Amino acid sequence: FRVGENTVDYEVFRENIVGSAEFAEFKKSPFGRMLEASGITGARLDAALFDLAMMGAGSMNIEKGLDLRAISDFETKQFMKLQGGSALSMKQFQAVANDFRIKLLKRNIAELDLQMLPTNLYHIQLENGEPDLKAQKVLVETAEKIKDKMNKRLEGLENMETSAKLNTN
């Protein structure tokens, strides 16, 4: 995890985020208040909002892969400001959540594409060091089935009509 230019452990990163002004505002956002109204409070609320901010920050930059340790405090705070705090009504929150789902799906599709590159598949080998073509084929077929499901879900989300759609790109 990164805070500014420094690489830090998880606890330092988490404390930097949870103790920030951006997190305090995110907590006061309509989404944060909605979670509180549904009974999620205290440490559970902090954990839920922190997890959402991490996933959101990760979904905003697909070039970094799915490893959330590559996320910086800046990206996480930006997500809290741009995404969570922008919803002023339930309809707008649904639009933000929809955009969030779209970004996560696109990120996961990109990650599957990355894993299926021939240079990555080449590492699946038999004990004698030869490529395990059968295992590679099964992996590619499985990934394609998963991608098909993701693409169908993505198409449904992208075609969803929301009058409160926000520009959250």
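From a predicted model like this one, the values you see are computed outputs, not experimental measurements.
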Could you tell me which non-hydrogen atom of Asn120 sits nearest to which non-hydrogen atom of Gln115, and how far apart they are? CB-O, 3.4 Å

Any side-chain heavy atom of Met150 sitting closer than 4.5 Å to one from Ile146? yes

Hey, could you give me the [atom1]/[atom2] distance between [X] and [Y], rounded to the nearest 0.5 Å?
{"X": "Asp46", "Y": "Ile40", "atom1": "CG", "atom2": "CD1", "answer": "12.0 Å"}
{"X": "Asp132", "Y": "Glu127", "atom1": "CG", "atom2": "CD", "answer": "10.5 Å"}
{"X": "Glu144", "Y": "Asp113", "atom1": "CD", "atom2": "CG", "answer": "7.5 Å"}
{"X": "Phe23", "Y": "Arg14", "atom1": "CZ", "atom2": "CZ", "answer": "7.0 Å"}
{"X": "Phe50", "Y": "Lys27", "atom1": "CZ", "atom2": "NZ", "answer": "13.5 Å"}

List the residues meeting side-chain contact (heavy atoms from CB on, under 4.5 Å) with Ala143, not counting sequence neighbours, and say none if there are none. Leu112, Met116

Check each of Lys106, Arg153, Lys152 against Glu158 using the salt bridge (charged side-chain N to carboxylate O under 4.0 Å, His left out) test, and report the only one that passes. Lys106

For Lys149, enumerate each residue passing the salt bridge (Lys or Arg N to Asp or Glu O under 4.0 Å) test, keeping only those at least two apart in sequence or located in another chain. none

Under a 4.0 Å threshold between the charged nitrogen and the carboxylate oxygen, would Lys28 count as salt-bridged to Glu25? yes

Does atom CD (Glu155) have a neighbourhood of more than 12 heavy atoms from anything else shown, all under 6.0 Å? no

Show me the side-chain donor-acceptor pairs of residues 134-142 shorter than 3.5 Å, one per line, residues at least two apart or across chains.
| unit_1 | atom_1 | unit_2 | atom_2 | d |
| --- | --- | --- | --- | --- |
| Gln136 | NE2 | Leu121 | O | 2.8 |
| Gln136 | NE2 | Ile124 | O | 3.2 |
| Thr142 | OG1 | Val138 | O | 2.8 |

Give a yes or no on whether Ile17 and Val12 share a hydrophobic cluster (residues Ile, Leu, Val, Met, Phe, Trp, Tyr; joining criterion: side-chain heavy atoms under 4.5 Å apart). yes

